[in-house]
Protein chains: 2
Amino acid sequence: MNKDLNSKGKPDIVAVAKAAGVSISTVSRSFNHPELLKPATRKKIDRAVQRVGYIRNRAAQVMHGRRTATIGLVVPTIDNAIFAELIQSFSAELDANGFTMLIASHGFDLDREYQMLRKLMEHRVDGIAVIGLEHSEASYKLIEQQDLPAVAIWNYAQGARLPCVGVQNLKAGRMAAQHLLDLGHRDIGLIFPETDGNDRAKDRLLGASEALQRAGVEVPADWQLEAPYNIAEAKRASASMLRHSSRPTAILCGNDIIAQGVLFAARSGGLDVPRDLSVMGIGDFKGSAEFEPSISTIRIPARQIGIVAAKLILDSVANLPENPNAFECDLVLAARGSTIRIK
Amino acid sequence: MNKDLNSKGKPDIVAVAKAAGVSISTVSRSFNHPELLKPATRKKIDRAVQRVGYIRNRAAQVMHGRRTATIGLVVPTIDNAIFAELIQSFSAELDANGFTMLIASHGFDLDREYQMLRKLMEHRVDGIAVIGLEHSEASYKLIEQQDLPAVAIWNYAQGARLPCVGVQNLKAGRMAAQHLLDLGHRDIGLIFPETDGNDRAKDRLLGASEALQRAGVEVPADWQLEAPYNIAEAKRASASMLRHSSRPTAILCGNDIIAQGVLFAARSGGLDVPRDLSVMGIGDFKGSAEFEPSISTIRIPARQIGIVAAKLILDSVANLPENPNAFECDLVLAARGSTIRIK
DNA sequence: CGAATCTATGAAAACATTTGCAAAACTATT
DNA sequence: AATAGTTTTGCAAATGTTTTCATAGATTCG
């Protein structure tokens, strides 16, 4: 039986100390303050670490007030082009700072979101990030009461209850609508995801509706559809609208995935985009620019948002002096091939 | 100053005990063995927990040999349609069993992968999942030496060094090629991602080449391209091949993203798919079926793989009796609109 | 050469929790 | 009312690490 193992079968700092013939404190110091050690001792310890296969135990460090060096991220779903892009950049930025990401998804269920937050807090994450600004009162209370550094990603709003990094989805909706209006469209269809528990979609729809109304454009009920975040469903949903002889000249979609569905539906129905129909997206997902026709959309800089959010939360964890607690990322109109001036 | 807080400002079990007027052990038991407590005591404690806002500290539990209830996942990148799907289902299955996912990405760099593995081990994950079966010797050694439950996802191979759940990418490549051969194609182009450090792509390419060779089909060097996992690049890369007067009648792509790029390139170049060109993908990503034309591909059941992998690792963590240590998921040919029999 | 100063190392307390063991508080049985 | 048995609770040790304080050696200097 190997004496270099603790009760759980993993070598611990004691095993290293024994193997190196030094005290426990010295081993600990070799990790945390190597400059205090005699080079020879350091070498002895390094070799012992190698020999016994020691890996530091964060749990034990955490008990001394050390950070866990983990950040929790709670998202509606990982499996979603634009979130994936965000998650990747967020995680990469954390990695670059020695942090690790704990992730949990709730499937657009705000009660589950609360549960996930609790779960992450049990793991004593040093900070927490959530998507959007719409959360259950319980979730907000929890974050405030635990006094945990937090950041809301994706939505920007002045006076938000949490520090936030993102865009004004209201503005995104407005810009998308304005682009179609500028091109002379008046017969406009709307296809948006369900807005319940999804303030991003809610705001976009609101912004778009507002802009249209202000321009005196009314959208008949049967030109206003709901479709999930899903090409197949969006294709199906829009197909019905496009089959009709009285169809809109343009369709404004809540996101680029829906726009893709609409483009496929149009193609499948023998309509040429943009000649017969203009299609507008929101988001500018990967591939939207390469689509044929290329998708006109409002660019949301997911990558940038992820990086900025990570920096913000890390600063906050490190207790850096008053960083701005809200950061608005710019939206830009990407006018491309799927929209055209009406004749 | 609130006396219900520990040195770090978070209420601990002592605070709860004090607030409930019971001993620390009793509070601990109320979480771990509630059936041992008098219902009245339990209630008192529950209320105290509420009152002081206590959240259990996993780090401290871990020190007693408790599981961390975390599983580490190391992927090349999160930001990738098919991995995202896998990650989502893997994570959901873990969640359902009370586990949390720690995730790290290495950007197709096997040395970084090793670093990430170490990092996750410092967090004392109960098990670890990696993508594919190609890893540095150091990584394999590390996993073996730490004796950590592990699973390799995505690739299946008999006699693999790790338990694995996935498909035979070799077979996928072969099936894709066979489909084109069955349709009478002999002039076939290949566009695959870089195969270095990516055994999935390597195997697919190998399988495809093998099948073609066996059928006596030779692929000229300028019909064999490398493209990253990226619609834009794939579109650009294939455009050059398609412009040539002597172009293949079919293109076999290493994955569906590349296939999408090729489809857009064809469209952009005025070629009709499948009339002028057949395009074959591998993977069957979300949206491939809805594409216009729908993409012929080899279906890899990402969702299923994620769930099975999660179950396997959880079983392994729970030390369940000898589960099969390799699980092959079925590949099916999805013959759709982007491929057609040659005239 | 002895005192003073530095440098390198070790001993032990502290961190938040779990758990084996023992004591206390009830219940049931005579 | 005393005893035996059962249920409920508390005490204290243990977990793996960091860190403060103390000490042993090494170095400098008059």
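First the proteins, then the strands, lettered A, B, ... as listed; each starts at 1. Values below: all heavy atoms of this structure, side chains included; hydrogens, waters and symmetry mates excluded.
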Participant: Below 4.0 angstrom, which residues in residues 22-29 of chain B have at least one non-hydrogen atom near DNA chain C?
Facilitator: B:Ile24, B:Ser25, B:Ser28, B:Arg29
Participant: Nearest-Å distance, NE2 (A:His64) to P (C:dA14)?
Facilitator: 11 Å
Participant: Is it the case that the side chains of A:Gln88 and B:Thr77 hold a donor-acceptor pair, with the cut-off being a distance below 3.5 Å and no angle test?
Facilitator: yes
Participant: Round to a whole Å and report the spacing from CD of B:Glu122 to P of D:dG16.
Facilitator: 16 Å
Participant: From NZ of A:Lys10 over to P of D:dT17, roughly how many Å is that when rounded to an integer?
Facilitator: 12 Å
Participant: Using a cut-off of strictly less than 4.0 Å between a heavy atom of the residue and any atom of DNA chain C, enumerate the qualifying residues of residues 31-50 of chain B by number.
Facilitator: B:Asn32, B:His33
Participant: Taking 4.0 angstrom as the limit, do B:Arg56 and A:Glu122 come out as a salt bridge?
Facilitator: no
Participant: Between atom CZ in A:Arg67 and atom P in C:dC15, what is the gap in whole Å?
Facilitator: 17 Å
Participant: A quick test of your reading: do over 12 heavy atoms of other residues, nucleotides or ligands sit less than 6.0 Å from CD of B:Gln158?
Facilitator: no
Participant: Between B:Gln61 and C:dT17, does any side-chain N or O lie under 4.0 Å from OP1 or OP2?
Facilitator: no
Participant: Parallel, tilted or perpendicular for A:Phe31 and A:Tyr54, by the 30°/60° rule?
Facilitator: tilted
Participant: Quick one: OG on B:Ser30 to NZ on B:Lys43, what's the gap to the nearest 0.5 Å?
Facilitator: 14.0 Å
Participant: For residues B:Val27 and B:Ala17, report the shortest heavy-atom separation together with the two atoms involved.
Facilitator: CG2-CA, 3.7 Å
Participant: Can you confirm whether A:Arg58 sits close enough to A:Thr68 that some side-chain heavy atom of one is under 4.5 Å from a side-chain heavy atom of the other?
Facilitator: no
Participant: Rounded to the nearest Å, what distance is computed from the CZ atom of residue B:Arg66 to the C1' atom of nucleotide D:dA14?
Facilitator: 14 Å
Participant: What is the distance, rounded to the nearest whole Å, between atom CD1 of A:Ile13 and atom C1' of D:dT19?
Facilitator: 12 Å
Participant: Ignoring backbone atoms, test whether B:Arg56 places a side-chain nitrogen or oxygen under 4.0 Å from the OP1 or OP2 oxygen of C:dA16.
Facilitator: no
Participant: Quick one: which of C:dT17, C:dT19, D:dG16 gets closest to the side chain of B:Met63?
Facilitator: D:dG16
Participant: Check each of A:Val317, A:Val125, A:Val62 against A:Arg67 using the side-chain contact (heavy atoms from CB on, under 4.5 Å) test, and report the only one that passes.
Facilitator: A:Val317
Participant: Would the number of heavy atoms belonging to other residues, nucleotides or ligands and lying under 6.0 Å from CD of A:Glu144 be above 12?
Facilitator: yes
